[in-house]
J.: 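Supplied in structure tokens, the structure appears directly below.
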Amino acid sequence: MHDGQTATLKVGRSSALSLLWGSVDTYNRITLRDTVTGAALNITIASLKGVAEGLGAALLSVKGFTFNRVDFWSSGNSIEFSNITTTPVPAPVPLPAGGVLMLSAIGSVALLRRRRARHA
């Protein structure tokens, strides 16, 4: 990567990211982007608590932000990272399936009440 260039990693819609950031310096930045909504989350050394510049490496873990692209940017000569893990956003349960499940639960409770009423 040359000065001021971006390397992009495209992923499926994800809600968490974990990676080992090997060059935590003021001239490096990681940006999580959601190309569907346009939202972006910039991560720099200033946004990390307890991490000093030139430390060597830092384990980065981000949760609770939905993204589908990760941009690695450096105005210096490099940015190092490894062990990238993303957590996919779970697919929503369709409403009809949820409705059938709820109706079967209500029906089971009603059946149990009826049986108890007969034996009492």
Side-chain angles (χ1 to χ4, degrees):
M1 180 184 306
H2 299 289
D3 293 351
Q5 290 191 348
T6 301
T8 299
L9 173 66
K10 294 180 181 178
V11 298
R13 287 193 52 87
S14 301
S15 61
L17 170 80
S18 176
L19 63 88
L20 183 62
W21 189 355
S23 55
V24 187
D25 297 301
T26 56
Y27 51 83
N28 292 332
R29 179 179 71 224
I30 297 174
T31 303
L32 305 181
R33 295 189 187 280
D34 187 340
T35 59
V36 176
T37 64
L41 176 66
N42 286 316
I43 304 165
T44 63
I45 191 169
S47 63
L48 300 175
K49 294 181 181 177
V51 176
E53 183 177 3
L55 179 66
L59 180 60
L60 176 66
S61 181
V62 179
K63 296 178 183 175
F65 182 81
T66 302
F67 62 96
N68 61 356
R69 191 173 102 184
V70 184
D71 293 335
F72 300 91
W73 181 85
S74 178
S75 65
N77 58 358
S78 67
I79 181 170
E80 296 90 20
F81 53 89
S82 67
N83 299 338
I84 299 172
T85 305
T86 60
T87 304
V89 172
V93 176
L95 185 58
V100 171
L101 183 61
M102 185 172 67
L103 287 175
S104 64
I106 292 171
S108 297
V109 170
L111 183 63
L112 286 174
R113 284 184 158 195
R114 181 182 283 179
R115 283 187 180 175
R116 285 184 184 173
R118 284 186 190 168
H119 294 304

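For reference, positions follow the sequence shown, starting with 1.
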J.: Specify the closest pair of heavy atoms between Val89 and Ser15, including all atoms of both residues, with the distance to one decimal.
T.: CG2-N, 3.8 Å
J.: Can Phe81 and Val70 be said to form a side chain to side chain contact (heavy atoms under 4.5 Å, CB included), step by step?
T.: CA-CA 12 Å; Phe81 53 89; Val70 184; over 6 Å; no
J.: Measuring only between side-chain heavy atoms, which start at C-beta, is Ile30 closer than 4.5 Å to Trp21?
T.: yes
J.: Going by atom type alone, with no hydrogens or angles, which donor-acceptor pairs under 3.5 Å involve a side-chain atom of residues 57-64 and a protein atom two or more places apart or on another chain?
T.:
none

J.: Would you kindly say whether Asn68 and Thr35 are connected by a side-chain donor-acceptor distance under 3.5 Å?
T.: yes
J.: For the residue pair Val11 and Ser14, what are the closest heavy atoms and their distance?
T.: CG2-OG, 3.9 Å
J.: Locate the shortest heavy-atom distance separating Thr6 from Trp73; write the atom from each residue and the value.
T.: OG1-CD1, 3.1 Å
J.: Could you tell me the separation between the OG1 atom of Thr66 and the CG atom of Leu41, rounded to the nearest 0.5 Å?
T.: 11.0 Å
J.: If we check side-chain contact (heavy atoms from CB on, under 4.5 Å) with Leu17, which of these qualifies: Thr87, Ile84, Thr85?
T.: Ile84
J.: What's the shortest heavy-atom distance between Arg29 and Ile79, and which atoms?
T.: O-CD1, 4.0 Å
J.: Between Arg13 and Asp34, is a salt bridge (Lys or Arg N to Asp or Glu O under 4.0 Å) present by the stated rule, with each step listed?
T.: CA-CA 8 Å; Arg13 287 193 52 87; Asp34 187 340; 2.7 Å; yes
J.: Considering all heavy atoms of both residues, which atom of Phe65 and which atom of Leu32 are nearest to each other, and what is their separation?
T.: CE2-O, 3.6 Å
J.: Would you compute the distance between atom OG1 of Thr31 and atom CZ of Arg69 and round it to the nearest 0.5 angstrom?
T.: 9.0 Å
